[in-house]
Amino acid sequence: MNATATAPIDYAAAPSLAHARRYSLALLERARAALADQPAPSLETIAVGGSLGRLEASAASDFDCLLVARDDAAERAVRDDVERVLQTLTGIGLALPKADGIYRQAVTRAALLDPAARGCLDEAPAVFGKRMTCLLDARPLAGDGAFARLRRDVVAWYAQDFVASRPQRSWSALVNDLSRYLHAYAVWQQFKTDSSSDDSWALRQAKLRSVRMLTFAALLCLLGASNHRADKVAWLLDRLDATPLERLARLMHEHREAATFDALLRAYDSAHAVLADPTARAALVALPLARAQAGADAAEGPYGRVRAASEQVMTLLTRFILARHGEWDERFFVRLVL
């Protein structure tokens with residue numbers, strides 16, 4: 001990780017996140033070692049996003065696996081390597097990505113960087129979502145150099161109209177795509193009401209309103225802070241190794257908003273503690289849909305606690321962004337609102 005892309009975080013004020021960070025770092029080391037013993041030659045890079053990518057994993061977490069196949073690899077070889085990678089990672093205690101999700105299949109660089117996909121409204125979520133994951137919270141387990149090149153090229157894919165004579169062009173395409181992803185994801189989760197033995201509407205909403213919103217906001221804030229800069233591409237790349245929480249810590253300290261970050265950290269830790277607690281998580285899974293949608297869970301119940309903490313997280317993030325009006329590029333706020 002680029003040391004310049006981090007800011008000090010006092011995890012003494014965030015015990016749940018501190019434990020998750022230690023747990024995640026140890027798990028990442030085990031995953032790296034396991035994959036080093038099981039090469040997958042058809043894959044140029046293997047990365048994880050989600051809670052493990054954010055260094056916020058708990059024993060209940062599954063993993064978002066970003067599997068990038070070589071463009072010239074045979075389909076059968078890719079399928080076999082993907083199966084081997086997933087078996088290797090589950091063998092060290094990681095829970096498989098959801099069967100109906102996008103993280104059990106490989107994607108190619110060519111698909112992620114297809115020029116014809118820019119502005120494509122019906123692009124497959126398995127491609128669009130993975131392109132966003134590269135920027136939001138992914139970190140490599142194997143093929144570190146290939147991952148760094150891919151992320152750099154994804155940023156360049158969004159910045160393709162930045163030319164030497166017009167370096168001050170806006171992050172319009174990336175701001176619009178990030179907003180599209182955030183709001184499409186939120187609407188999808190609002191109406192995805194199915195449940196299972198380990199998942200429910202209440203649990204998904206709890207994660208959406210806390211960890212996912214902070215992850216989206218961290219990248220959005222980086223775009224706002226850099227939109228006016230002639231060196232915006234290099235500036236952004238310098239900060240993408242950091243976790244979403246680290247991105248916000250650095251940015252808020254640079255804007256003399258340390259107190260805001262401290263309040264954000266405490267609220268975020270409160271929400272994380274609920275999601276990491278097996279008993280609370282089970283209660284979220286068991287909470288009837290009608291009660292959750294009506295907000296009928298008691299304030300001291302798991303859903304009530306995480307809702308209160310997530311409201312504070314979202315309020316603090318919103319206030320921080322709005323307070324930058326007059327400091328950050330006006331074009332960013334126009335794109336954000338309109």
| request: Look at Asp241 together with Arg239 and state whether they make a salt bridge at an N to O cut-off of under 4.0 Å. | output: no

| said: Nearest 0.5 Å, please: how far is CG in Leu182 from CZ in Arg212? | reply: 11.5 Å

| said: Quick test of your reading of the model: are Asp269 and Arg266 salt-bridged, counting only N-O distances below 4.0 Å? | reply: no

| message | Between Glu257 and Arg324, does the salt bridge (Lys or Arg N to Asp or Glu O under 4.0 Å) criterion hold? Intermediate values first, please. | response | CA-CA 11 Å; Glu257 292 257 19; Arg324 307 282 74 79; 3.1 Å; yes

| message | Within the structure provided, determine whether Leu43 and Val68 are in side-chain contact (heavy-atom separation under 4.5 Å). | response | no

| field | Minimal non-hydrogen separation, Ala69 against Ala106, with atom names | value | CB-CB, 4.1 Å

| query | Looking at side-chain heavy atoms only, is the closest gap between Cys221 and Leu251 below 4.5 Å? | reply | yes

| said: With a 4.5 Å cut-off on side-chain heavy atoms, are Leu203 and Leu287 touching? | reply: no

| request: Determine whether the side chains of Ser61 and Ser51 contain a donor N or O and an acceptor N or O closer than 3.5 Å. | output: yes

| Nearest atoms (heavy-atom pairs only) where Asp177 meets Tyr158 | OD2-OH, 2.7 Å

| field | Asp329 and Arg331 ion-paired at < 4.0 Å | value | yes

| Chi angles and distances behind the side chain to side chain donor-acceptor pair (under 3.5 Å) call for Asn227, Ser170 | CA-CA 6 Å; Asn227 199 56; Ser170 174; 3.1 Å; yes

| message | For the residue pair Arg54 / Thr243, report whether a side-chain donor-acceptor contact shorter than 3.5 Å exists. | response | no

| message | In this structure, is the centre-to-centre distance between the rings of Phe320 and Phe261 below 6.0 Å? | response | no

| query | Quick one: do Arg180 and Glu123 make a salt bridge, cutoff under 4.0 Å? | reply | no

| Can you check whether Leu214 reaches Leu264 side chain to side chain, under 4.5 Å on heavy atoms? | yes

| request: Output yes when Arg250 and Glu254 qualify as a salt bridge under the 4.0 Å nitrogen-oxygen rule, no when they do not. | output: yes

| query | Mind checking whether Asp199 and Val285 have side chains closer than 4.5 Å, heavy atoms only? | reply | no

| query | So, do Ser195 and Trp201 sit near enough that their side-chain heavy atoms are less than 4.5 Å apart? | reply | no

| field | Atom pair OG1/CG of Thr260 and Leu248 - distance to nearest 0.5 Å | value | 11.0 Å

| query | How about His228 and Trp171: are their ring centroids closer than 6.0 Å? | reply | no

| field | Carboxylate-amine/guanidinium contact Arg70 Asp72, below 4.0 Å | value | no

| message | Under a 3.5 Å cutoff, is there a donor and acceptor pairing between the side chains of Asp137 and Thr215? | response | no

| query | If you take all heavy atoms of Ala186 and Leu208, which pair is closest and at what distance? | reply | CA-CD2, 4.0 Å

| query | Any side-chain donor paired with an acceptor under 3.5 Å for His183 and Trp188? | reply | no

| query | Can you say whether the rings of His272 and Tyr268 are parallel (under 30°), tilted (30 to 60°) or perpendicular (over 60°)? | reply | tilted

| field | Minimum heavy-atom distance between Pro302 and Val274, given as atom pair plus value | value | O-CG1, 3.7 Å

| said: So, applying side-chain contact (heavy atoms from CB on, under 4.5 Å) with Met132, which one of Val127, Leu174, Val154, Leu219 is it? | reply: Leu174

| field | Geometric cation-pi criterion, Arg22 with Tyr11: 6.0 Å, 45° | value | no

| field | Gln205 and Tyr303, any side-chain heavy atoms less than 4.5 Å apart | value | yes

| request: Inspect the contact between Arg76 and Asp81 and indicate whether a charged nitrogen and a carboxylate oxygen are less than 4.0 angstrom apart. | output: no

